[in-house]
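For reference, the structure discussed in these notes is given below.
Proteins get letters first, then strands, A, B, ... in listed order; numbering begins at 1 in each. Please read these numbers as outputs of a predicted model, since none were measured by experiment.
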There are 2 protein chains.
Amino acid sequence: MSLRERKQQLVRDAIWDVAIDLFARKGFDATTVDDIVEAAGVSRRSFFRYFSSKTDLMTQSGSGRYEAMVTEAILGSARGRAKGSTMGEVLRGAVLDVAGCVAAEPRTLKILEIAAKYPEARAAFGRAGDVHEAAAGAFRRRMGKKKDRVEASLLAGVMLAALRTVFEVWFENPRQDISVAVERVFAGLEGWI
Amino acid sequence: MSLRERKQQLVRDAIWDVAIDLFARKGFDATTVDDIVEAAGVSRRSFFRYFSSKTDLMTQSGSGRYEAMVTEAILGSARGRAKGSTMGEVLRGAVLDVAGCVAAEPRTLKILEIAAKYPEARAAFGRAGDVHEAAAGAFRRRMGKKKDRVEASLLAGVMLAALRTVFEVWFENPRQDISVAVERVFAGLEGWI
DNA sequence: GCTTGTCCTGACACTCAGTGCCAAAATCCC
DNA sequence: GGGATTTTGGCACTGAGTGTCAGGACAAGC
């Protein structure tokens with residue numbers, strides 16, 4: 001690693017640390033890019049060379065890395081998982097891989113704390129969170145008290161996943177009734193539920 | 001409905017129609033709010049009274065409506081679904097309700113078309129779409145050609161749902177190993193997969 | 001029909017995010 | 001050390017979104 005690269009990493013880390021600290025203290029929206037660059041001692045223009053946007057500071061390491069991590073985990077080439085595994089096993093292994101990678105980064109916890117504290121910061125991860133929250137709450141109410149929060153959250157996630165897939169299927173042929181797409185998706189869920 | 005309310009609805013519809021038309025022709029980013037208000041014949045300030053942001057035009061009807069729709073569908077009070085239904089039945093019914101509601105609005109198709117055509121417009125729905133896309137592609141590759149796209153998309157959705165739930169569980173007690181959270185979530189998935 | 005209070009609209013000015021451009025400084029390679 | 005290349009800072013610009021305020025349109029009462 002050359003001097004230049006180490007220096008860049010240093011600057012990048014310095015910006016990130018300062019920014020996360022400010023977010024935690026003042027909130028995401030209340031912290032301006034000017035606040036960050038002043039505290040970090042870099043120019044405004046340089047900030048945008050290291051991070052493509054303010055939300056990049058929250059979504060960690062810019063665009064594409066999470067996608068790559070997920071893809072890698074599913075394909076699991078590094079682990080040499082048996083070709084004959086069932087999809088359930090693949091799914092479980094992939095979740096474990098990604099969760100492990102994310103949890104291994106100490107920054108993850110700080111980001112989760114900020115996201116828990118400030119709603120605006122949660123928006124950095126997209127509006128999907130709000131819908132998921134609402135659906136999970138509804139499932140919880142529907143189930144009564146006997147079942148726990150985890151299952152409600154999972155059901156909500158599966159529902160949103162099913163909906164997304166339904167729209168995908170339906171959009172290929174929007175003239176047909178959408179219930180046909182629902183049928184097809186639930187045929188795919190067959191055996192899971 | 002008073003004259004005032006009808007007038008507001010008229011303005012709102014006019015803005016939306018003009019905006020969607022511009023998005024479809026020029027793209028989401030390339031269309032400025034100034035373009036929209038000029039074409040619609042309202043002031044810039046009034047635009048932001050009707051829509052809280054430019055992306056609101058894509059996510060349809062502002063914040064909260066989709067959440068409400070999902071919640072309503074799960075609780076299913078309007079349908080009077082039997083209390084004793086299994087969660088699988090509830091899930092299916094809720095998906096059908098939401099999909100039906102969405103498909104019934106003619107605007108939905110236009111929005112889907114724009115989202116399909118312009119990547120920037122997809123970003124209005126949050127970054128989650130990109131991750132889902134990547135994961136579904138990975139599952140497709142992993143499964144080989146024998147299974148179809150629908151199942152890959154579903155698997156991707158379930159995986160993201162599981163991950164989100166894992167982080168939720170883990171965040172309550174971040175000192176413990178994240179694999180414990182994964183265990184717990186997959187215990188909830190037990191019987192589904 | 002006219003007044004009065006309420007709501008809506010347009011206009012202006014402002015903050016902040018993000019980008020293009022160019023000159024100066026730092027780094028790397030020889 | 002000297003020259004090519006990369007990085008940086010400064011400046012100006014566009015575009016989104018917000019606060020404020022005066023003026024106009026609406027509903028209700030007389």
Side-chain angles (χ1 to χ4, degrees), chain A residues 1-16 18-20 22-23 25-59 62-64 114 118-127, chain B residues 1-16 18-20 22-23 25-59 62-64 114 118-127:
Chain A
M1 209 171 181
S2 76
L3 175 66
R4 189 176 263 169
E5 281 168 334
R6 267 179 298 155
K7 213 168 167 183
Q8 282 186 26
Q9 194 58 47
L10 197 80
V11 173
R12 194 184 164 82
D13 288 348
I15 293 174
W16 194 87
V18 153
I20 291 298
L22 286 170
F23 290 164
R25 282 194 290 124
K26 298 174 48 179
F28 185 76
D29 278 355
T31 303
T32 69
V33 173
D34 287 315
D35 293 338
I36 297 168
V37 300
E38 194 194 0
V42 295
S43 76
R44 177 185 169 64
R45 196 64 190 81
S46 282
F47 171 86
F48 286 106
R49 278 192 256 270
Y50 284 95
F51 296 92
S52 67
S53 70
K54 204 171 92 171
T55 66
D56 252 28
L57 290 161
M58 288 294 293
T59 55
S63 50
I114 293 169
Y118 302 103
E120 340 103 60
R122 277 197 288 283
F125 302 110
R127 201 167 317 279
Chain B
M1 208 171 181
S2 76
L3 175 65
R4 197 174 256 171
E5 280 168 333
R6 268 180 296 156
K7 214 167 165 183
Q8 284 184 27
Q9 193 58 48
L10 195 81
V11 174
R12 193 182 165 82
D13 288 347
I15 293 174
W16 194 88
V18 154
I20 291 299
L22 285 170
F23 290 163
R25 281 194 290 124
K26 298 174 49 179
F28 184 77
D29 279 356
T31 303
T32 70
V33 173
D34 287 315
D35 293 339
I36 296 168
V37 301
E38 195 195 359
V42 294
S43 77
R44 176 183 171 64
R45 196 64 190 82
S46 281
F47 171 86
F48 285 107
R49 278 193 257 270
Y50 284 95
F51 298 92
S52 67
S53 70
K54 205 172 92 171
T55 65
D56 251 28
L57 290 161
M58 287 295 293
T59 54
S63 51
I114 292 169
Y118 302 103
E120 339 104 59
R122 276 196 290 281
F125 302 109
R127 201 167 318 283

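If B:Lys7 and B:Phe47 are placed on DNA chain D by their nearest nucleotide, the residue sitting closer to the 5' end is B:Phe47.
The side chain of B:Lys54 contributes no N or O atom lying less than 4.0 Å from OP1 or OP2 of D:dG15. In this structure, A:Tyr50 does not reach the D:dT7 phosphate: none of its side-chain N or O atoms is under 4.0 Å from OP1 or OP2.
Summarising the geometry, the separation between CD on A:Gln9 and P on D:dT7 is reported as 14 Å, rounded to the nearest angstrom. Atom CG of A:Leu57 and atom C1' of C:dA17 are 13 Å apart (whole Å). Whole-Å rounding puts the B:Asp29 CG to C:dT19 C1' distance at 13 Å. Distance CD (B:Glu120) to C1' (D:dG15): 15 Å, rounded to an integer number of Å. Between the CZ atom of B:Phe48 and the C1' atom of C:dC14 there is a distance of 14 Å, given to the nearest Å. For the pair A:Leu10 CG and D:dT7 C1', the computed distance is 15 Å after rounding to whole Å.
Interatomic distance, B:Leu10 CG to B:Ile15 CD1, rounded to the nearest 0.5 Å: 10.0 Å.
Residue-to-nucleotide contacts include a donor-acceptor pair under 3.5 Å from the side chain of B:Arg49 to the base of C:dG10.
Residues from residues 31-46 of chain A placing a heavy atom under 4.0 Å of any atom in DNA chain D, listed by number, are A:Ser43, A:Arg45, A:Ser46.
Here the rule is side-chain contact (heavy atoms from CB on, under 4.5 Å) with A:Phe23, and of A:Ile114, A:Asp29, A:Val18 only A:Ile114 fits it.
For A:Gln8, the side-chain atoms get nearest to D:dT7 when compared with the rest of D:dG17, D:dT8, D:dT7.
No side-chain N or O of A:Thr31 forms a donor-acceptor pair with one of A:Asp35 less than 3.5 Å apart.
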